Amino acid sequence: MRQILTFAVVGVVNTATYYCLYLLFLTGFPYLAAHVLALLLSMIGSFFLNARFTYRIRPTWQKFLLFPLTNVTNFLITTAGVYLIVDVLHAGSRFAPLLASAMAVPVTYLVSRWVMLPKPIA
């Protein structure tokens with residue numbers, strides 16, 4: 001339970017970091033470049049925060065290179081969730097991304113755990 005709560009807190013910190021960096025980069029770059037730069041930097045920060053605080057492990061290059069799978073998972077689930085909430089359930093689109101993000105946390109956590117923790121040797 002501690003891990004999933006820490007994972008969620010790191011996610012909030014990561015989202016805030018992304019948004020602040022996005023606004024900062026927006027002053028000198030087009031919005032898409034600002035988005036990509038902010039996303040890459042916040043993903044790197046998320047990797048190290050999760051390694052240190054969520055899983056309490058030493059970061060490795062292998063884990064670092066696999067870590068973007070967590071972002072892909074989050075993107076797929078939140079996109080499907082927004083579609084489901086807006087087009088299938090006919091709920092408003094204003095808060096759909098927040099609800100979809102909350103739905104994505106458990107699955108994204110499992111993928112993150114798979115990437116970050118050592119695999120048992122059979």
Side-chain angles (χ1 to χ4, degrees):
M1 190 63 170
R2 181 205 61 80
Q3 276 186 349
I4 197 160
L5 289 174
T6 306
F7 181 79
V9 170
V10 167
V12 169
V13 169
N14 184 52
T15 301
T17 301
Y18 159 79
Y19 191 61
C20 289
L21 288 171
Y22 173 75
L23 293 176
L24 176 69
F25 292 145
L26 202 54
T27 62
F29 295 100
Y31 77 92
L32 201 51
H35 165 69
V36 170
L37 285 170
L39 186 67
L40 288 173
L41 290 174
S42 66
M43 190 183 336
I44 292 168
S46 179
F47 170 75
F48 287 106
L49 287 173
N50 275 301
R52 172 69 178 98
F53 296 107
T54 304
Y55 301 111
R56 298 176 182 182
I57 58 164
R58 198 178 110 252
T60 66
W61 279 108
Q62 179 182 11
K63 291 173 185 166
F64 180 76
L65 295 173
L66 287 173
F67 192 74
L69 289 175
T70 64
N71 290 73
V72 170
T73 302
N74 189 289
F75 172 77
L76 292 174
I77 293 171
T78 55
T79 301
V82 167
Y83 172 78
L84 176 73
I85 292 165
V86 175
D87 285 341
V88 176
L89 300 176
H90 304 291
S93 59
R94 187 173 191 86
F95 296 106
L98 297 175
L99 294 171
S101 292
M103 293 181 335
V105 169
V107 178
T108 305
Y109 168 73
L110 291 174
V111 173
S112 172
R113 191 173 159 82
W114 176 78
V115 167
M116 300 295 276
L117 293 180
K119 314 302 178 270
I121 300 173

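Here the structure is a predicted model, which means the values were calculated and not measured.
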### Arg58 atom CZ, neighbour heavy-atom count above 12 within 6.0 Å
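Atom CZ in Arg58 is not packed in, count stays at 12 or less.
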### Task
Measure the acute angle between the ring planes of Tyr22 and Tyr19, then classify it against the limits of 30° and 60° as parallel, tilted or perpendicular.
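Ring orientation, 0 to 90° scale: parallel.
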To check you understand the geometry: which heavy-atom pair defines the closest contact between [X] and [Y], and what is its length?
| X | Y | value |
| --- | --- | --- |
| Ile4 | Pro106 | CD1-CA, 4.4 Å |
| Thr78 | Ala100 | O-CB, 3.5 Å |
| Leu26 | Ala34 | N-CB, 3.7 Å |
| Ala38 | Leu21 | CB-CB, 3.8 Å |
| Asp87 | His90 | O-CE1, 3.1 Å |

Measure the shortest side-chain to side-chain distance between [X] and [Y] over non-hydrogen atoms and say whether it is less than 4.5 angstrom.
| X | Y | answer |
| --- | --- | --- |
| Tyr18 | Ser46 | no |
| Pro59 | Phe48 | yes |
| Ile44 | Phe64 | yes |
| Ile85 | Phe95 | no |

Hphob cluster co-occupancy, [X] + [Y], side-chain heavy atoms under 4.5 angstrom:
| X | Y | answer |
| --- | --- | --- |
| Val10 | Leu39 | no |
| Val105 | Val72 | no |
| Leu117 | Phe47 | yes |
| Val13 | Phe53 | yes |
| Val107 | Trp114 | no |

What is the distance from atom [atom1] of [X] to atom [atom2] of [Y], rounded to the nearest 0.5 Å?
| X | Y | atom1 | atom2 | answer |
| --- | --- | --- | --- | --- |
| Thr17 | Leu49 | OG1 | CG | 7.5 Å |
| Leu24 | Phe29 | CG | CZ | 9.0 Å |
| Leu84 | Ile77 | CG | CD1 | 12.5 Å |
| Leu76 | Asn71 | CG | CG | 11.0 Å |
| Thr60 | Met116 | OG1 | CE | 8.0 Å |

### Message
Less than 3.5 Å apart, any donor N or O on the side chain of Tyr55 or Ser112 sitting next to an acceptor on the other?
### Response
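Side-chain D/A pair, Tyr55 to Ser112: present.
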### Message
Just checking His35 against Phe25, ring centres under 6.0 Å apart?
### Response
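No - the distance between ring centres of His35 and Phe25 does not fall below the 6.0 Å cut-off.
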### Message
For Tyr109 and Thr54: C-alpha separation, side-chain torsions, deciding distance, then whether side chain to side chain donor-acceptor pair (under 3.5 Å) applies.
### Response
CA-CA 10 Å; Tyr109 168 73; Thr54 304; over 6 Å; no
